[in-house]
Amino acid sequence: MFLEFKKEVERVLKEALEKASYEYKGVDLEESEHADLASRIAFSLARPYKKSPAIIAEDIVNHLAIPVENTLIADAVAVGPYINFFVNDSFLQKTLQAITGEIAPPEEKREKIILEHTSANPDGPLHIGHLRNAIIGDVLVRVLKRAGYEVETQYYLNDMGRQIAVVVWGAERLAYDETKKADHAVADVYIAANRMLEENSELLDEVGELMRRYEAGNEEVVQKYEAAVQKCLSGIQTSFERLNIQQVVFVWESEFARRGAVKEVIEELKQKGDIKREGAAILLQLEGIEKALVIQRTDGTSLYTTRDLAYHRWKGKNCDRVIDVFGKDHELVSQQLAKALELLGVKSPEFVIFAFVSLPSGSLSTRAGRYISADELMEKIEEQAYTEVDKRRSDLDESKKREIARKVGIGALRYDMVKVSPDKHIVFDFDDALDIEKKGAPFIQYSHARAYSILRAAEEKGYAVSEDYNAALLKEPSEIELIRKLSKLGNIIEEASANLKVHQVAKSARELAETFNLFYKDCPVLTAEAELRKSRLALVDCALIGLRDVLDVLGIEAPDEM
RNA sequence: GGGCCCGUAGCGCAGUAUGGAUAGCGCGUAGGCCUCCUAAGCCUGAGGUCGUGGGUUCAAAUCCCACCGGGCCCGCCA
């Protein structure tokens with residue numbers, strides 16, 4: 001509803017500006033603590049018209065014609081240089097009526113987007129760095145879908161790199177520990193194999209031999225590669241499910257190699273690009289990037305970046321927008337990718353780059369075994385959540401407590417990852433991550449549980465939520481504030497999808513919960529007089545829907561009690 | 001050395017795209033609130049040279065320049 005209000009304010013303001021004969025560029029509207037919407041336009045008119053901003057603001061307000069009926073605006077006043085607009089009762093009423101299910105049901109279909117996230121190498125379990133990628137990506141997918149886009153989520157599976165050769169080589173000497181989760185068993189072998197190779201460098205030839213046989217299409221080797229990748233992948237999928245990551249399509253890198261797409265890309269770049277040769281190696285000089293990009297090795301084999309190029313060319317041809325969620329370490333690669341795609345005449349991706357997650361002891365490395373796995377973290381955080389639930393709700397049975405602990409634990413983890421701007425480098429501290437009592441997600445989930453409990457109690461007393469209520473009775477500041485916040489949910493999705501900034505959604509979710517808590521404290525529902533009770537019940541119902549929905553955008557489950 | 005990013009209260013952050021109303025929030029800290037729908041809540045304090053120095057502007061955390069501190073990256077790894 002807020003968007004409609006904003007549009008009307010814009011229209012009315014423009015009419016007034018014309019009537020008062022001001023020439024203007026924009027109407028300069030902002031959300032404000034002093035009003036529902038405020039305009040700063042008087043500042044920019046002050047210089048050309050040689051009058052003080054306050055006088056201009058006053059003048060504009062005098063020319064304002066707020067419609068008498070069928071309007072969302074209650075009033076507009078000049079406060080110094082600012083013009084403050086306020087919503088009316090019908091705005092509040094319409095906001096509540098409009099909340100029936102999901103945020104801003106997308107009326108028109110927008111473009112198709114292929115969004116890539118995580119794409120971790122299948123040489124071990126997801127670690128906390130991948131977690132940041134996966135969760136930012138997943139929330140972005142949810143936001144874009146709500147904004148009306150058709151989104152396909154892809155995970156690019158690097159199934160032909162050197163690290164898979166090392167896993168295959170290692171698996172021939174060391175057995176997988178079948179008692180372990182598959183991806184962890186793969187990591188054990190990978191780490192042990194790397195150690196053996198470090199200690200005994202002549203063994204490296206054997207890995208090289210494996211790689212040559214793979215490239216040559218040796219069936220036995222190809223099959224071993226696939227088996228290793230598949231094994232690891234099954235473990236990663238399990239982690240995704242536990243994390244509540246929405247469905248992703250795994251795209252196998254080797255597909256593109258087999259289809260000949262990589263060769264096509266090299267040929268095309270040779271024709272269109274600024275090519276340098278060093279022996280059999282082929283280098284591509286890209287405009288504005290100092291370092292040339294190697295697109296073919298001296299031994300004639302392809303590189304990751306070239307294969308990635310083939311993949312991106314395919315993506316670009318199969319959708320309207322390509323979005324990649326990449327780590328900061330891939331920033332240069334992403335620029336090269338974009339330039340090379342430009343050469344190929346394919347649309348370039350939009351990048352969401354997030355800064356690194358490191359441990360107090362330094363950077364993460366799967367190869368060195370220096371990482372904290374997503375599974376370990378989920379395990380511990382759910383356990384921590386369980387002790388918190390148990391502390392408060394010893395009345396609940398075991399399975400219920402476990403269920404709440406799972407929702408709270410995973411929720412806290414997801415919120416933690418998404419609440420910070422992707423630009424910020426994170427030093428992961430285990431104790432801090434586990435300190436979920438005061439964390440964002442449980443706070444929001446708790447508000448939801450409180451709303452639910454009011455409705456549950458109301459039902460027991462025979463007070464049904466009905467459409468038949470008088471919104472005009474909701475006059476308490478905390479009631480109005482809650483409705484205002486609810487009215488902005490659609491706007492929040494719209495902005496987050498336009499900016500590809502998911503941490504703003506996390507912040508808004510928290511603010512909505514905060515506002516609900518104030519209402520909860522100030523406005524008794526069940527003991528209120530009958531008509532007011534009906535209105536408040538309707539408001540609680542709307543808040544419940546809003547809270548659940550905004551949590552869902554964050555991929556966080558909403559417990560009915562906690 | 002070069003490119004990109006970060007620097008805001010003891011700690012962790014929002015605000016910077018589009019400069020404007022007393023710079024917000026969480027944790028921690030000092031204190032207060034459960035005869036009343038769940039206290040994982042609410043309220044009141046203390047705590048700030050917005051890294052430093054210049055510049056632009058009526059107005060700078062926000063824009064420009066330089067510097068300091070930290071991170072990531074810099075041709076045949078992925």
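Since this is a predicted model, take the numbers as computed values, not measurements. To find a chain, count down the sequence lines: A is the first, B the second, and so on, and within it residues start at 1.
- An OP1 or OP2 oxygen of B/U57 is reached within less than 4.0 angstrom by no side-chain nitrogen or oxygen of A/Arg47.
- Checking the phosphate oxygens (OP1, OP2) of B/A14, a side-chain nitrogen or oxygen of A/Lys424 falls inside 4.0 Å.
- At the heavy-atom level, A/Ser32 lies under 4.0 Å from base atoms of the strands shown.
- A/His503 comes within 4.0 angstrom of the backbone, heavy atoms only, and of no base.
- Considering only the side chain of A/Met562, B/A40 comes nearest among B/C37, B/A40, B/U57.
- A/Asn84 comes within 4.0 angstrom of a nucleotide base, judged by non-hydrogen atoms across all strands.
- In this structure, A/Ala458 reaches neither bases nor backbone, as no heavy-atom distance under 4.0 Å exists between it and the strands shown.
- Under the 90° criterion around 0 for the glycosidic angle, B/G12 counts as anti.
- Side-chain atoms of A/Thr298 come within donor-acceptor range of the base of B/C76, with a qualifying N/O pair under 3.5 Å.
- No engagement by A/Val540 is indicated, since no non-hydrogen atom pair under 4.0 Å with the nucleic acid exists.
- A/Phe351 and A/Phe326 have tilted rings, their planes meeting at an angle from 30° to 60° on a 0 to 90° scale.
- Distances shown here put every side-chain N or O of A/Arg162 at or beyond 4.0 Å from the OP1 or OP2 atom of B/C77.
- Looking at heavy-atom distances under 4.0 Å, A/Ala292 makes contact with a base.
- The phosphate of B/A39 (OP1 or OP2) has no side-chain N or O of A/Arg392 nearer than 4.0 angstrom.
- The side chain of A/Lys328 sits closest to B/G71 out of B/G71, B/C37, B/C42.
- Here B/G20 is the nucleotide among B/C6, B/G20, B/C73 with the atom lying nearest to any side-chain atom of A/Tyr82.
- Contacts of A/Gln445 with the nucleic acid, taken as non-hydrogen atoms under 4.0 Å apart, are absent.
- Of the listed nucleotides (B/A14, B/C72, B/A21), B/A14 has the atom at the smallest distance from the side chain of A/Lys507.
- With rounding to the nearest 0.5 Å, the separation of CZ in A/Phe516 from CD1 in A/Ile454 is 4.5 Å.
- Within the nucleic acid shown, A/Arg393 comes within 4.0 Å of at least one base atom, counting heavy atoms only.
- Distance from the side chain of A/Val420 is smallest to B/A14 among B/G15, B/C72, B/A14.
- Each of B/A40, B/C42, B/A21 was ranked by its minimum atom distance to the side chain of A/Lys521; first place goes to B/C42.
- With centres under 5.5 Å and a plane angle under 30° as the test, the ring of A/Phe443 is not stacked against the base of B/A40.
- Annotation: of the two residues near RNA chain B, A/Asn158 and A/Lys276, the 5′-most nearest-nucleotide partner is A/Lys276.
- For B/A39, the base has no donor-acceptor partner in the side chain of A/Asn517 [N/O atoms by modelled type, under 3.5 angstrom].
- If you check every strand for non-hydrogen atoms under 4.0 Å, A/Asn499 touches a base.
- Nucleic acid contact class of A/Leu283 (heavy atoms, under 4.0 Å, all strands): base.
- Distance from the side chain of A/Ser363 is smallest to B/C72 among B/C72, B/C76, B/G41.
- Taking the six-membered ring where tryptophan is involved, the planes of A/Tyr156 and A/Tyr304 are tilted, since the angle between them lies from 30° to 60°.
- No side-chain N or O of A/His330 forms a donor-acceptor pair with one of A/Asp324 less than 3.5 Å apart.
- Checked by atom type, the side-chain pair A/Arg307/A/Asn158 shows no donor-acceptor distance below 3.5 Å.
- Residue contacts shown for A/Glu511 are absent, as no nucleic acid heavy atom lies under 4.0 Å away.
- With distances taken from any side-chain atom of A/Phe43 to the nucleotides B/C37, B/G20, B/A39, the minimum falls on B/G20.
- Of the two residues near RNA chain B, A/Arg307 and A/Glu33, the one whose nearest nucleotide lies more 5' is A/Glu33.
- Phosphate contact (OP1/OP2 of B/G7, side-chain N/O of A/His425, threshold under 4.0 Å): absent.
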Once Watson-Crick and G-U wobble pairs under 3.5 Å are found, how is RNA chain B written in dot-bracket notation, 5' to 3', with | for any base paired to another strand? (((((((..((((......[...)))).(((((.......))))).....(((((..]....))))))))))))....
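- Note on A/Ile295: nothing from the nucleic acid sits closer than 4.0 angstrom, heavy atoms only.
- Phosphate contact (OP1/OP2 of B/A78, side-chain N/O of A/Arg297, threshold under 4.0 Å): present.
- Between A/His127 and A/His130, the ring planes are parallel. Angles under 30° get that label, and only those over 60° would be called perpendicular.
- For B/C4, the O4'-C1' to base torsion is more than 90° from 0; the nucleotide is therefore anti.
- Nucleic acid contact for A/Leu526: base, since at least one base atom lies under 4.0 Å from a heavy atom of the residue.
- Checking B/C37, B/C5, B/G20 against the side-chain heavy atoms of A/Val525 singles out B/C37 as nearest.
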Where do A/Glu331 and A/Lys328 land on the salt bridge (charged side-chain N to carboxylate O under 4.0 Å, His left out) test, with the steps shown first? CA-CA 5 Å; A/Glu331 200 170 37; A/Lys328 188 85 177 129; 2.6 Å; yes
